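Scroll down for the structure; my scribbles are underneath it.
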Amino acid sequence: MTTLKIKLPEIFNYQECLSFLHRGFDDCLHQINKNTIIKALNIENNISLVSITYNQGILQVSLLWGDSSPNHQALIKSYINRWFDLQTDLKAFYDMGARDPILKPLIDKYWGLRLIGIEDLFEALSWAIIGQQINLGFAYKTKRALVEKYGKYVDYNGVPYYLFPTPEIISNCTVDALKKLQFSRNKATYIIALAQSFIQGVISKEQLLASGKGNSEEVVSQLTKLKGIGTWTANYAMMKCLKIPSAFPIQDVGLHNALKQQLDLDQKPSTDKILELSQGWKNWESYATVYLWRSLV
DNA sequence: CGCCAGGCTTAGG
DNA sequence: CCTAAGCATGGC
(Lines give C-alpha, C1' and ligand atoms only; values in the text may rest on other atoms or scores of the structure.)
Protein backbone atom coordinates (compact mmCIF):
# COMPACT_ATOMS: atom_id res chain seq x y z
CA MET A 1 0.00 0.00 0.00
CA THR A 2 1.19 3.49 -0.84
CA THR A 3 1.98 5.69 2.13
CA LEU A 4 2.74 9.38 1.89
CA LYS A 5 4.43 11.44 4.56
CA ILE A 6 3.44 15.04 5.10
CA LYS A 7 5.72 17.32 7.02
CA LEU A 8 3.98 19.42 9.63
CA PRO A 9 4.52 23.00 10.69
CA GLU A 10 5.90 23.70 14.14
CA ILE A 11 2.56 24.88 15.47
CA PHE A 12 0.36 21.86 15.06
CA ASN A 13 -1.56 19.57 17.39
CA TYR A 14 -3.12 16.51 15.83
CA GLN A 15 -5.42 15.83 18.77
CA GLU A 16 -6.86 19.34 18.52
CA CYS A 17 -7.57 18.86 14.82
CA LEU A 18 -9.16 15.49 15.59
CA SER A 19 -11.28 17.06 18.29
CA PHE A 20 -12.83 19.35 15.70
CA LEU A 21 -13.53 16.52 13.28
CA HIS A 22 -14.97 14.50 16.11
CA ARG A 23 -16.87 17.06 18.16
CA GLY A 24 -19.95 15.08 18.98
CA PHE A 25 -21.62 15.42 15.61
CA ASP A 26 -22.29 12.67 13.17
CA ASP A 27 -20.41 13.80 10.06
CA CYS A 28 -20.92 11.43 7.15
CA LEU A 29 -17.93 12.64 5.11
CA HIS A 30 -15.16 11.19 7.22
CA GLN A 31 -14.77 8.50 9.81
CA ILE A 32 -12.53 8.38 12.85
CA ASN A 33 -11.28 5.28 14.57
CA LYS A 34 -9.10 6.07 17.55
CA ASN A 35 -6.48 8.36 16.01
CA THR A 36 -7.04 7.49 12.39
CA ILE A 37 -9.16 9.49 9.97
CA ILE A 38 -10.59 7.77 6.92
CA LYS A 39 -11.98 9.93 4.14
CA ALA A 40 -12.95 9.58 0.51
CA LEU A 41 -11.57 12.35 -1.73
CA ASN A 42 -12.61 13.61 -5.11
CA ILE A 43 -9.69 15.45 -6.63
CA GLU A 44 -10.25 16.59 -10.20
CA ASN A 45 -12.87 13.88 -10.69
CA ASN A 46 -10.46 11.23 -9.50
CA ILE A 47 -11.84 9.41 -6.47
CA SER A 48 -9.64 7.88 -3.80
CA LEU A 49 -9.84 6.71 -0.21
CA VAL A 50 -7.18 7.65 2.32
CA SER A 51 -6.44 7.02 5.95
CA ILE A 52 -4.58 9.67 7.90
CA THR A 53 -2.70 9.30 11.13
CA TYR A 54 -0.03 11.10 13.10
CA ASN A 55 3.38 9.72 13.89
CA GLN A 56 6.34 11.57 15.35
CA GLY A 57 5.82 14.95 13.84
CA ILE A 58 4.49 13.88 10.46
CA LEU A 59 1.14 12.99 8.98
CA GLN A 60 1.07 9.54 7.44
CA VAL A 61 -1.41 9.24 4.63
CA SER A 62 -2.16 5.77 3.32
CA LEU A 63 -3.86 5.36 0.00
CA LEU A 64 -6.45 2.65 0.68
CA TRP A 65 -8.03 2.80 -2.73
CA GLY A 66 -7.57 4.72 -5.96
CA ASP A 67 -4.99 6.03 -8.38
CA SER A 68 -1.48 5.66 -6.93
CA SER A 69 0.41 7.37 -9.75
CA PRO A 70 3.07 9.87 -8.62
CA ASN A 71 1.03 12.68 -10.08
CA HIS A 72 -2.04 11.78 -8.09
CA GLN A 73 0.01 11.23 -4.94
CA ALA A 74 1.17 14.81 -5.26
CA LEU A 75 -2.42 15.96 -5.64
CA ILE A 76 -3.44 14.09 -2.49
CA LYS A 77 -0.58 15.65 -0.56
CA SER A 78 -1.56 19.10 -1.63
CA TYR A 79 -5.22 18.38 -0.81
CA ILE A 80 -4.32 17.34 2.74
CA ASN A 81 -2.10 20.39 3.10
CA ARG A 82 -5.04 22.62 2.25
CA TRP A 83 -7.58 20.61 4.24
CA PHE A 84 -5.57 21.05 7.45
CA ASP A 85 -4.43 24.53 6.42
CA LEU A 86 -0.80 23.58 6.98
CA GLN A 87 0.65 26.41 4.92
CA THR A 88 -0.60 29.13 7.25
CA ASP A 89 2.00 30.37 9.71
CA LEU A 90 0.09 30.54 12.99
CA LYS A 91 2.90 32.27 14.82
CA ALA A 92 1.65 35.67 13.69
CA PHE A 93 -1.84 34.80 14.93
CA TYR A 94 -0.48 33.66 18.28
CA ASP A 95 1.66 36.78 18.65
CA MET A 96 -1.40 38.92 18.04
CA GLY A 97 -3.55 36.74 20.28
CA ALA A 98 -1.10 36.92 23.15
CA ARG A 99 -2.13 40.54 23.57
CA ASP A 100 -5.85 39.87 23.17
CA PRO A 101 -7.84 39.10 26.31
CA ILE A 102 -10.38 36.95 24.49
CA LEU A 103 -7.98 34.97 22.32
CA LYS A 104 -5.12 34.42 24.74
CA PRO A 105 -6.81 31.79 26.93
CA LEU A 106 -8.20 30.04 23.85
CA ILE A 107 -4.80 29.84 22.20
CA ASP A 108 -3.26 28.46 25.38
CA LYS A 109 -5.99 25.89 25.68
CA TYR A 110 -6.27 24.82 22.04
CA TRP A 111 -2.66 25.29 20.94
CA GLY A 112 -2.05 23.76 17.53
CA LEU A 113 -5.66 23.73 16.35
CA ARG A 114 -5.97 24.50 12.65
CA LEU A 115 -8.80 25.55 10.42
CA ILE A 116 -10.10 22.29 8.99
CA GLY A 117 -11.45 23.19 5.57
CA ILE A 118 -14.10 22.13 3.12
CA GLU A 119 -12.17 22.02 -0.11
CA ASP A 120 -15.07 21.71 -2.52
CA LEU A 121 -16.91 25.01 -2.96
CA PHE A 122 -20.25 23.47 -3.88
CA GLU A 123 -20.06 21.37 -0.74
CA ALA A 124 -19.04 24.32 1.44
CA LEU A 125 -21.89 26.50 0.19
CA SER A 126 -24.47 23.71 0.28
CA TRP A 127 -23.44 22.78 3.80
CA ALA A 128 -23.71 26.38 4.91
CA ILE A 129 -27.17 26.68 3.37
CA ILE A 130 -28.26 23.47 5.06
CA GLY A 131 -27.01 24.83 8.38
CA GLN A 132 -28.84 28.14 8.19
CA GLN A 133 -31.09 28.79 11.16
CA ILE A 134 -31.27 25.21 12.40
CA ASN A 135 -29.42 23.41 15.16
CA LEU A 136 -26.22 21.64 14.17
CA GLY A 137 -27.40 18.18 15.08
CA PHE A 138 -30.30 18.47 12.68
CA ALA A 139 -28.02 20.03 10.06
CA TYR A 140 -25.71 17.01 10.15
CA LYS A 141 -28.70 14.71 9.99
CA THR A 142 -30.01 16.52 6.91
CA LYS A 143 -26.60 16.47 5.26
CA ARG A 144 -26.33 12.74 5.84
CA ALA A 145 -29.71 12.15 4.26
CA LEU A 146 -28.63 14.12 1.17
CA VAL A 147 -25.22 12.47 0.91
CA GLU A 148 -26.51 8.94 1.37
CA LYS A 149 -29.16 9.46 -1.26
CA TYR A 150 -27.16 11.30 -3.92
CA GLY A 151 -23.45 10.90 -3.12
CA LYS A 152 -21.02 8.42 -4.62
CA TYR A 153 -19.08 6.25 -2.23
CA VAL A 154 -16.05 4.01 -2.04
CA ASP A 155 -16.76 0.60 -0.55
CA TYR A 156 -13.86 -0.54 1.61
CA ASN A 157 -14.15 -3.71 3.69
CA GLY A 158 -17.90 -3.51 3.36
CA VAL A 159 -18.13 0.07 4.67
CA PRO A 160 -19.26 2.90 2.37
CA TYR A 161 -17.16 6.08 2.50
CA TYR A 162 -19.22 8.84 0.96
CA LEU A 163 -18.45 11.89 -1.12
CA PHE A 164 -20.65 14.97 -1.18
CA PRO A 165 -22.98 14.89 -4.21
CA THR A 166 -21.84 16.75 -7.30
CA PRO A 167 -23.64 19.74 -8.83
CA GLU A 168 -24.54 17.50 -11.80
CA ILE A 169 -26.64 15.24 -9.57
CA ILE A 170 -28.21 17.91 -7.38
CA SER A 171 -29.10 20.12 -10.33
CA ASN A 172 -31.45 17.38 -11.49
CA CYS A 173 -33.23 16.98 -8.15
CA THR A 174 -36.73 18.27 -7.59
CA VAL A 175 -37.72 20.44 -4.65
CA ASP A 176 -40.12 17.77 -3.47
CA ALA A 177 -37.40 15.11 -3.50
CA LEU A 178 -35.24 17.23 -1.21
CA LYS A 179 -38.22 18.07 1.00
CA LYS A 180 -38.53 14.36 1.72
CA LEU A 181 -35.03 14.65 3.20
CA GLN A 182 -36.36 17.37 5.55
CA PHE A 183 -35.09 20.31 3.54
CA SER A 184 -37.32 23.35 3.75
CA ARG A 185 -38.80 24.43 0.44
CA ASN A 186 -36.51 27.45 0.30
CA LYS A 187 -33.32 25.54 1.05
CA ALA A 188 -34.18 22.90 -1.53
CA THR A 189 -34.73 25.63 -4.12
CA TYR A 190 -31.48 27.37 -3.20
CA ILE A 191 -29.33 24.26 -3.43
CA ILE A 192 -30.76 23.12 -6.75
CA ALA A 193 -30.22 26.58 -8.24
CA LEU A 194 -26.73 26.69 -6.75
CA ALA A 195 -25.89 23.39 -8.44
CA GLN A 196 -27.12 24.79 -11.74
CA SER A 197 -24.96 27.87 -11.28
CA PHE A 198 -21.90 25.65 -10.92
CA ILE A 199 -22.78 23.70 -14.03
CA GLN A 200 -23.37 26.83 -16.06
CA GLY A 201 -20.07 28.23 -14.89
CA VAL A 202 -21.70 31.19 -13.19
CA ILE A 203 -19.63 30.37 -10.13
CA SER A 204 -16.40 28.47 -9.50
CA LYS A 205 -13.75 28.30 -6.82
CA GLU A 206 -11.01 29.26 -9.27
CA GLN A 207 -12.83 32.34 -10.49
CA LEU A 208 -13.62 33.53 -6.95
CA LEU A 209 -10.04 32.96 -5.80
CA ALA A 210 -8.83 34.99 -8.75
CA SER A 211 -11.30 37.84 -8.33
CA GLY A 212 -10.83 37.82 -4.58
CA LYS A 213 -7.12 38.48 -4.51
CA GLY A 214 -6.82 41.05 -1.76
CA ASN A 215 -10.46 41.98 -2.11
CA SER A 216 -12.76 39.92 0.03
CA GLU A 217 -15.63 42.35 -0.42
CA GLU A 218 -15.69 41.52 -4.09
CA VAL A 219 -16.06 37.84 -3.22
CA VAL A 220 -18.91 38.57 -0.80
CA SER A 221 -20.68 40.61 -3.42
CA GLN A 222 -20.34 37.87 -6.04
CA LEU A 223 -21.51 35.14 -3.70
CA THR A 224 -24.47 37.04 -2.29
CA LYS A 225 -25.86 37.53 -5.79
CA LEU A 226 -26.98 33.91 -5.54
CA LYS A 227 -30.33 33.24 -3.87
CA GLY A 228 -29.95 31.74 -0.44
CA ILE A 229 -26.44 33.06 0.08
CA GLY A 230 -26.29 35.98 2.47
CA THR A 231 -23.30 37.50 4.21
CA TRP A 232 -23.06 34.77 6.83
CA THR A 233 -23.01 31.98 4.23
CA ALA A 234 -20.55 33.87 2.02
CA ASN A 235 -18.15 34.45 4.89
CA TYR A 236 -18.48 30.87 6.06
CA ALA A 237 -17.45 29.59 2.62
CA MET A 238 -14.67 32.18 2.33
CA MET A 239 -13.33 30.94 5.61
CA LYS A 240 -13.70 27.18 5.14
CA CYS A 241 -13.05 26.86 1.42
CA LEU A 242 -11.35 29.93 -0.03
CA LYS A 243 -9.23 30.35 3.14
CA ILE A 244 -9.53 34.10 3.16
CA PRO A 245 -8.06 35.04 6.54
CA SER A 246 -10.27 38.10 7.04
CA ALA A 247 -13.49 36.17 6.45
CA PHE A 248 -15.69 36.71 9.47
CA PRO A 249 -19.21 35.27 9.85
CA ILE A 250 -20.12 37.97 12.30
CA GLN A 251 -23.83 37.09 12.48
CA ASP A 252 -23.03 33.55 13.57
CA VAL A 253 -25.02 32.36 16.58
CA GLY A 254 -22.20 30.08 17.68
CA LEU A 255 -19.78 32.99 17.60
CA HIS A 256 -22.23 35.04 19.67
CA ASN A 257 -22.63 32.30 22.23
CA ALA A 258 -18.88 31.73 22.46
CA LEU A 259 -18.24 35.42 23.08
CA LYS A 260 -21.04 35.58 25.62
CA GLN A 261 -19.47 32.66 27.46
CA GLN A 262 -15.88 33.90 27.25
CA LEU A 263 -16.80 37.36 28.46
CA ASP A 264 -19.37 36.15 30.96
CA LEU A 265 -22.05 38.42 29.50
CA ASP A 266 -25.73 38.31 30.42
CA GLN A 267 -26.78 38.49 26.78
CA LYS A 268 -25.31 37.71 23.42
CA PRO A 269 -23.15 40.61 22.17
CA SER A 270 -24.46 43.03 19.54
CA THR A 271 -22.82 43.41 16.15
CA ASP A 272 -21.32 46.73 17.22
CA LYS A 273 -19.89 45.12 20.33
CA ILE A 274 -18.34 42.31 18.28
CA LEU A 275 -16.82 44.78 15.85
CA GLU A 276 -15.31 46.57 18.80
CA LEU A 277 -13.98 43.38 20.40
CA SER A 278 -12.48 42.19 17.12
CA GLN A 279 -10.62 45.41 16.31
CA GLY A 280 -7.25 43.75 16.85
CA TRP A 281 -8.00 40.62 14.85
CA LYS A 282 -7.32 42.13 11.42
CA ASN A 283 -6.67 39.41 8.86
CA TRP A 284 -7.05 36.74 11.52
CA GLU A 285 -10.82 36.97 11.94
CA SER A 286 -11.34 33.52 10.51
CA TYR A 287 -8.88 31.93 12.94
CA ALA A 288 -10.38 33.87 15.84
CA THR A 289 -13.74 32.37 14.84
CA VAL A 290 -12.26 28.87 14.69
CA TYR A 291 -10.88 29.17 18.21
CA LEU A 292 -14.12 30.67 19.55
CA TRP A 293 -16.16 27.87 17.98
CA ARG A 294 -13.77 25.37 19.52
CA SER A 295 -14.57 26.80 22.96
CA LEU A 296 -18.19 25.72 22.59
CA VAL A 297 -17.03 22.09 22.90
C1' DC B 1 -46.56 25.07 23.84
C1' DG B 2 -42.54 28.13 23.52
C1' DC B 3 -37.96 29.17 22.47
C1' DC B 4 -33.88 28.35 20.01
C1' DA B 5 -31.03 26.97 16.09
C1' DG B 6 -23.57 27.97 12.65
C1' DG B 7 -30.07 33.05 8.33
C1' DC B 8 -32.30 34.66 4.05
C1' DT B 9 -35.63 37.22 1.28
C1' DT B 10 -38.73 40.72 0.61
C1' DA B 11 -41.26 44.91 1.59
C1' DG B 12 -41.08 49.48 3.06
C1' DG B 13 -38.76 53.34 4.45
C1' DC C 1 -28.37 51.94 2.90
C1' DC C 2 -31.22 50.22 7.18
C1' DT C 3 -35.08 47.85 9.76
C1' DA C 4 -38.97 44.74 10.45
C1' DA C 5 -41.62 40.96 9.28
C1' DG C 6 -42.36 36.51 7.36
C1' DC C 7 -40.54 32.20 6.43
C1' DA C 8 -39.40 26.86 6.94
C1' DT C 9 -37.93 22.86 9.58
C1' DG C 10 -36.86 20.39 13.81
C1' DG C 11 -34.73 19.71 18.71
C1' DC C 12 -35.55 20.04 23.41
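Just so it is clear, the model here is predicted, and its values are computed rather than measured. A note on names: the letters A, B, ... follow the listed sequences, proteins ahead of strands, and every chain is numbered from 1.
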- Looking at Lys205(A) and Glu119(A), does any basic side-chain N land under 4.0 Å from a carboxylate oxygen? yes
- Item | Segment of DNA chain C, first to last nucleotide, that comes within the 4.0 Å heavy-atom reach of chain A | dA8(C) to dG11(C)
- Answer yes or no: is there an ion pair linking Lys180(A) with Asp176(A), defined by an N-O contact shorter than 4.0 Å? no
- For the pair made of CG in Leu296(A) and P in dA5(B), what is the distance, rounded to whole Å? 11 Å
- Could I get the full list of ring pair (Phe, Tyr, Trp, His ring centres under 6.0 Å) partners for Tyr291(A), not counting sequence neighbours? Phe93(A)
- Report yes if the distance between the aromatic ring centroids of Phe248(A) and Trp284(A) is under 6.0 Å, otherwise no. no
- Message: If you compare all heavy atoms of Cys241(A) against all heavy atoms of Asp120(A), which two are closest, and at what distance to 0.1 Å?
- Response: SG-C, 4.0 Å
- Message: Near DNA chain C, counting only heavy atoms under 4.0 Å, which residues of residues 174-184 of chain A show up?
- Response: Lys179(A), Gln182(A), Phe183(A), Ser184(A)
Show me the side-chain donor-acceptor pairs of residues 37-48 of chain A shorter than 3.5 Å, one per line, residues at least two apart or across chains.
from     : atom 1 : to       : atom 2 : distance (Å)
Lys39(A) : NZ     : Leu29(A) : O      : 3.2
Asn42(A) : OD1    : Asn45(A) : N      : 3.0
Asn42(A) : OD1    : Asn46(A) : N      : 3.4
Asn46(A) : ND2    : Asp67(A) : OD2    : 3.2

- Task: Before accepting this row, confirm whether a basic side-chain N of the pair Asp26(A)/Lys141(A) lies closer than 4.0 Å to the acidic partner's carboxylate O.
- Result: no
- Message: Please tell me whether Tyr161(A) and Tyr153(A) form a close aromatic pair, meaning their ring centres lie under 6.0 Å apart.
- Response: no
- Expressed as a whole number of Å, how far does the C1' atom of dT3(C) sit from that of dA5(B)? 22 Å
- Query: Which atoms form the tightest heavy-atom contact between Arg294(A) and Ser19(A), and what is the distance?
  - Reply: NE-OG, 3.2 Å
Return the polar atom pairs (N/O with N/O) between nucleotides 7-9 of chain B and the protein under 3.5 Å, or none.
from   : atom 1 : to        : atom 2 : distance (Å)
dG7(B) : OP1    : Val253(A) : N      : 3.4
dG7(B) : OP2    : Gln133(A) : N      : 3.3
dG7(B) : O5'    : Gln133(A) : N      : 3.2
dG7(B) : N7     : Gln133(A) : OE1    : 3.0
dC8(B) : OP1    : Gly230(A) : N      : 2.8
dC8(B) : OP1    : Gly230(A) : O      : 3.4
dC8(B) : OP1    : Thr233(A) : N      : 3.1
dC8(B) : OP1    : Thr233(A) : OG1    : 2.7
dC8(B) : O3'    : Gly228(A) : N      : 3.4
dT9(B) : OP1    : Gly228(A) : N      : 2.6

- Can you tell me which residue pairs pass the ring pair (Phe, Tyr, Trp, His ring centres under 6.0 Å) test with a partner in residues 45-74 of chain A, sequence neighbours excluded? Tyr14(A)-Tyr54(A)
